[in-house]
Amino acid sequence: MVALVHVPADPDHPDAWTVEGTVRVGDAVDLAIHGSTDFSLDVATTRATMTEPHRRVHRIVALPAGAPRTPESVVGRAMIGLPLVGNAHLAVIYVGVHPDQRRRGIGAALWDAGLDIARDAGRRVVISDSSYATEPEPGPDALESPTGSGRIPVHDDATRFALARGFTLEQVVRHSVLTLPARVDHLRRDPGASYRVHLMQDEYAAEWLDGLALLKTRMSTDAPSAGLELTEDPWDADRVVADAADIRRRGQGFLVAVVEHVPTGEPAAFSMVEYPLDKPAVVFQGDTLVLREHRGHGLGMVAKIAVLDALAGVRPRAARIHTWNAQENAHMLAINVALGFRQASVDAEWQRAL
Ligand SMILES: CC(C)(COP(=O)(O)OP(=O)(O)OC[C@H]1O[C@@H](n2cnc3c(N)ncnc32)[C@H](O)[C@@H]1OP(=O)(O)O)[C@@H](O)C(=O)NCCC(=O)NCCS
């Protein structure tokens with residue numbers, strides 16, 4: 001019934017056409033949920049994700065058995081992400097099926113193939129996510145997050161599929177959008193002489209590599225992760241350098257603001273955005289973190305506004321910033337709401353043991 005083809009990273013491989021197939025299905029799934037393709041990766045970027053330095057990525061496409069082996073025949077796709085440094089006990093598996101082709105066993109076939117890869121790699125936990133256009137009101141159509149913050153629709157293909165495949169809802173994540181230009185002058189605060197902002201574009205400054213490694217490591221432990229079995233993802237200076245190169249290789253640029261604690265010369269906070277170079281209107285908020293010992297001084301807002309100010313010069317056609325925050329992450333959400341971010345959709349974070 002369904003033929004599965006593994007997507008090769010090599011553009012000269014005879015099955016290289018599958019990359020375009022996976023992009024086409026991804027666009028169709030996103031259009032059905034969000035009415036936009038802001039999040040979709042183009043062919044070159046998708047291919048680049050398959051040779052990242054700190055994560056092994058497998059992709060599989062599904063097509064009706066006997067259909068011509070062309071991108072147009074692809075009706076489903078799976079992505080299996082295997083972290084290689086921290087969290088090497090888990091696999092992230094994402095399955096998407098064209099909205100016109102559902103309930104024909106395509107998702108199940110892709111899921112089974114993804115599980116095989118995760119098992120062969122020795123992973124013991126699977127995490128997945130799904131997106132919904134709207135967050136339902138409390139009631140019979142709402143599945144409540146076990147954290148107590150956030151809900152997703154029960155009567156939805158993705159929820160039914162995830163529950164049928166043995167997943168548990170662990171966390172609900174709010175997706176918000178800030179329309180640019182942002183009006184933030186009323187939020188500007190002088191952080192005082194103890195703190196100084198350093199901005200970097202597309203490359204991390206050599207003197208901040210160790211500081212960024214600390215900030216990014218803390219990001220993996222300090223962002224709320226509910227019941228998800230996530231552990232520390234350790235970064236060092238080499239990984240920070242490799243990360244910058246990898247963002248550029250994927251056809252993206254980035255801006256990062258590091259807030260220095262001047263008396264010690266140590267990092268106190270940072271915020272980062274990334275943007276696909278082929279989509280001038282689109283920006284993604286990346287990490288934002290204030291180290292525990294520096295909280296309560298408004299440094300999250302300082303770092304974010306520093307990035308916004310720089311972004312206006314670097315990406316003058318940027319029209320919107322997308323961000324995702326756990327619904328229980330009250331402090332981060334408060335900053336984002338104050339900046340003008342408005343909820344656009346909602347995501348579920350699913351987990352199951354293998
Ligand atoms: C989730 C998704 C991949 C399912 O794809 P699919 O090809 O329709 O799935 P299948 O036909 O293989 O269904 C497998 C099982 O999931 C469950 N299921 C899927 N959709 C369902 C629905 N609308 N209602 C009830 N059960 C459903 C059923 O148990 C089904 O088995 P059955 O057909 O034997 O009853 C598809 O709906 C999709 O692409 N959704 C958007 C992307 C997404 O959110 N992916 C992440 C999911 S964790």
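Order of listing sets the numbers, starting from 1, for every ligand and every atom in it. All values derive from a computational prediction rather than experimental measurement.
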Do me a favour and list the nearest non-hydrogen protein atom to [atom] with residue, atom name and distance?
atom	result
atom 7 (O) of ligand 1	Gly107 N, 2.7 Å
atom 12 (O) of ligand 1	Ala108 N, 2.7 Å
atom 24 (N) of ligand 1	Arg103 NH1, 3.2 Å
atom 45 (N) of ligand 1	Val95 O, 2.6 Å
atom 39 (O) of ligand 1	Val97 N, 2.6 Å
atom 23 (N) of ligand 1	Asp157 OD1, 2.6 Å
atom 48 (S) of ligand 1	Ser128 OG, 3.5 Å
atom 27 (C) of ligand 1	Arg160 CB, 3.4 Å

Which atom names give the shortest non-hydrogen contact between [X] and [Y], and what distance separates them?
X	Y	value
Ala269	Leu299	CB-CB, 4.1 Å
Gln171	Ser145	CA-OG, 3.8 Å
Val75	Pro64	CG2-CD, 4.0 Å

Can you tell me if [X] uses its side chain to pair, donor with acceptor, with the backbone of [Y] under 3.5 Å?
X	Y	value
Thr45	Arg250	yes
Thr46	Asp42	yes
Lys216	Asp287	no
Thr264	Glu266	yes
Arg248	Asp202	yes
Arg196	Val259	no

Is it possible for you to say whether Leu180 and Trp324 belong to one hydrophobic cluster, with membership spreading through side-chain heavy-atom contacts below 4.5 Å? no
Would you verify that at least one protein heavy atom lies under 4.0 Å from atom 29 (O) of ligand 1, or report that none does? yes
Would you check if Glu260 and Tyr195 make a side-chain contact, meaning some heavy-atom pair closer than 4.5 Å? no
Using the ring pair (Phe, Tyr, Trp, His ring centres under 6.0 Å) rule, take Phe39 and His175 through it: C-alpha gap first, then chi angles, then the decisive distance, then the call. CA-CA 12 Å; Phe39 317 141; His175 162 223; 5.3 Å; yes
As an exercise, identify every atom of ligand 1 less than 4.0 angstrom from a heavy atom of [X].
X	result
Ser130	44 (O)
Asp129	46 (C)
Gly96	39 (O)
Ile106	7 (O), 12 (O)

Among Arg102, His155, Glu349, Gln101, which residue places a heavy atom closest to atom 38 (C) of ligand 1? Arg102
Just to be sure I'm reading this right: ignoring hydrogens, which of Phe161, Tyr94, Tyr132 gets closest to atom 17 (C) of ligand 1? Compare them by their nearest heavy atoms. Phe161
Does the residue Leu110 have a heavy-atom contact with ligand 1, meaning some pair of atoms that are separated by less than 4.0 Å? no
Contact between ligand 1 and Arg165 is defined here as a heavy atom of the residue under 4.0 Å from a ligand atom; is it met? yes
Under 6.0 Å between ring centres: does that hold for Tyr275 and His322? no
Would you kindly specify which portion of [X] sits under 4.0 Å from ligand 1, judged on non-hydrogen atoms: side chain, backbone, both or neither?
X	result
Arg104	backbone
Ala164	side chain
Ile33	neither

Could you tell me whether Gly105 and ligand 1 have an N or O pair separated by under 3.5 Å? yes
